2 protein chains.
Amino acid sequence: MAPRDTRTQILDAAEHLFAERGYRGTSVRAITDLAGANLAAVGYHFGSKAELLGAVVRRVVEPINAAQCAGLDRLLARTPDPAVIELVEAFAGPLFDGMPAGDEGSARTSRLIVTILSDPAEEVRSWTGPAEDTVRERYLAAFGRALPGLSPEELRFRMRGILAVTAVDRVEVHQQRSPACLSPAAGEAARHWAITFLTAAMSAPPTGT
Amino acid sequence: MAPRDTRTQILDAAEHLFAERGYRGTSVRAITDLAGANLAAVGYHFGSKAELLGAVVRRVVEPINAAQCAGLDRLLARTPDPAVIELVEAFAGPLFDGMPAGDEGSARTSRLIVTILSDPAEEVRSWTGPAEDTVRERYLAAFGRALPGLSPEELRFRMRGILAVTAVDRVEVHQQRSPACLSPAAGEAARHWAITFLTAAMSAPPTGT
DNA sequence: GTTTCAATCATACGTTCGTTTGAATCACGC
DNA sequence: GCGTGATTCAAACGAACGTATGATTGAAAC
């Protein structure tokens with residue numbers, strides 16, 4: 001076996017198990033068993049369980065961030081002030097697309113993201129890099145122009161709402177294992193529902209308080 | 001000490017630690033240390049760590065459910081068809097009120113709820129009783145009347161959105177420990193932001209797909 | 001054929017976990 | 001005073017955890 005094989009197989013197994021059972025609920029032994037690798041392979045290839053998690057999250061988050069960034073670029077190339085629905089689509093859309101490879105595809109990816117984001121352990125949440133912050137700040141500025149009169153704090157609150165709705169929805173989809181919910185048609189329906197829901201929410205008049 | 005004292009002190013400590021570090025991240029020893037009790041007290045009073053979690057969650061969720069139920073009763077006593085904003089307030093409001101006692105109040109309560117809801121362990125999510133389902137079904141029916149033309153699936157999606165936005169927001173608030181975010185004023189602002197955000201989202205026209 | 005180095009392997013270490021045990025302690029009716 | 005049942009205690013159990021170790025393999029390099 002080439003050195004790359006076990007590495008990626010460990011990454012795949014870890015992504016699957018972290019998404020399904022969480023970081024603390026997944027043992028290194030379970031990962032290496034699923035990957036068909038030796039227990040010590042995690043330490044050899046990644047250093048530690050925490051660093052393996054970092055590699056898993058980085059592999060999942062980076063394409064999403066790139067897609068969000070590219071979507072915003074595409075909008076701004078057309079007009080300096082995109083509509084709210086366009087911004088919502090460009091931001092939330094990639095969260096529905098997920099990884100190209102994988103049995104359950106995007107649902108598992110979102111499950112992983114929520115599992116990680118909501119994990120109280122510090123070692124779990126220490127992965128956020130500057131790229132994520134940059135993209136979020138750019139969208140924040142674009143939404144600010146599209147929604148004048150909104151205070152920065154309320155704008156931040158609403159952007160958190162986008163993440164919350166998309167992520168939690170995908171978790172629910174992933175939890176109930178009925179195959180109907182994993183069909184492409186159901187995924188597309190949820191995507192449209194989310195965009196409708198979130199565009200209306202973002203476009204609400206400022207609270208003022 | 002009366003038998004009730006150690007029991008409630010263990011409940012308080014467990015609620016605190018479960019909210020802060022999650023179920024798996026909290027050891028029974030940490031709970032009994034914080035409670036000033038003996039390690040074996042958990043086994044004696046609750047049977048096991050999982051049953052202690054059940055007692056903690058029950059104590060937290062029951063008043064919230066009762067408040068949601070009472071709020072809907074109050075609305076329906078006035079008119080058979082409450083407005084969307086009234087339903088949103090009655091449903092999401094109790095999620096911001098939280099427990100009466102506690103240092104950080106509702107933020108910790110919501111933190112606990114999300115920590116529990118998003119925990120992948122099965123033993124953690126096995127607490128949902130018939131009372132929670134009943135309340136949700138009643139709100140579902142009321143929202144259905146207030147929003148004709150919405151398919152049941154899309155309605156369910158939107159109700160999940162309410163939970164997602166309120167819960168995830170509170171998690172963020174609780175994670176950044178800055179005391180400004182825990183002030184009553186900030187809590188009230190977030191409450192109003194959430195109601196504005198969610199009322200607009202719920203009132204969006206049906207997607208149709 | 002020998003050297004070399006990255007990769008994989010079986011195995012063990014020390015720690016922490018949830019749970020159990022049996023003795024000690026307490027309050028209290030008689 | 002004395003049993004009695006409920007509660008608390010120190011101590012230990014076996015299991016599972018993350019990590020480290022040193023031997024072993026395999027294929028290029030020379």
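Remember, it's a predicted structure, so these values are computed and weren't measured experimentally. Per chain, numbering begins at 1; letters A, B, ... match sequence-line order.
In this entry the distance linking CZ of B:R7 with P of D:dA6 reads 15 Å, nearest Å. Taking atom CG of residue B:N38 and atom P of nucleotide C:dC26, one finds them 14 Å apart after rounding to whole Å. Atom pair B:L53:CG and C:dC17:P shows a separation of 17 Å (rounding to whole Å applied). At whole-Å resolution of the value, CG in B:D33 and P in C:dG18 are 12 Å apart. Atom C1' of nucleotide C:dT16 and atom CZ of B:R21 are separated by 14 Å, given to the nearest angstrom. When rounded to the nearest whole Å, the span between CZ of A:F46 and P of C:dT8 equals 11 Å. D:dT24 atom C1' lies 14 Å from atom OH of A:Y44, rounded to whole Å.
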A:L198 vs A:T166, side-chain contact (heavy atoms from CB on, under 4.5 Å): CA-CA, chis, key distance, verdict: CA-CA 9 Å; A:L198 291 171; A:T166 57; 4.0 Å; yes
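A donor-acceptor contact closer than 3.5 angstrom links the side chains of A:E51 and A:S48.
An OP1 or OP2 oxygen of C:dT8 is reached within less than 4.0 angstrom by a side-chain nitrogen or oxygen of A:T6. Between A:H45 and the phosphate of C:dT8, there is a side-chain N or O to OP1/OP2 separation shorter than 4.0 Å.
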Within the sub-3.5 Å range, which N or O atoms of nucleotides 16-18 of chain D have a protein N or O partner, and how far apart are they?
{"from": "D:dG18", "atom 1": "OP1", "to": "A:K49", "atom 2": "NZ", "distance (Å)": "2.7"}
{"from": "D:dG18", "atom 1": "OP2", "to": "A:V28", "atom 2": "N", "distance (Å)": "2.8"}
{"from": "D:dG18", "atom 1": "N7", "to": "A:R29", "atom 2": "NH1", "distance (Å)": "2.9"}
{"from": "D:dG18", "atom 1": "O6", "to": "A:R29", "atom 2": "NH2", "distance (Å)": "3.0"}

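Judged by distance alone, with hydrogens and angles left aside, the side-chain atoms of B:R158 form a donor-acceptor pair with the main-chain N or O of B:A204 at under 3.5 Å.
Salt bridge status for A:D12 with A:R7: absent, with no side-chain N to carboxylate O gap under 4.0 Å. Ionic pairing of A:R160 and A:E154 is not present here: no N-O contact between side-chain nitrogen and carboxylate oxygen is shorter than 4.0 angstrom.
Taking each heavy atom of B:S151 and A:W193 in turn, the nearest pair found is OG-CZ2, 4.4 Å.
Among the heavy atoms of the strands, none lies under 4.0 Å from B:A41.
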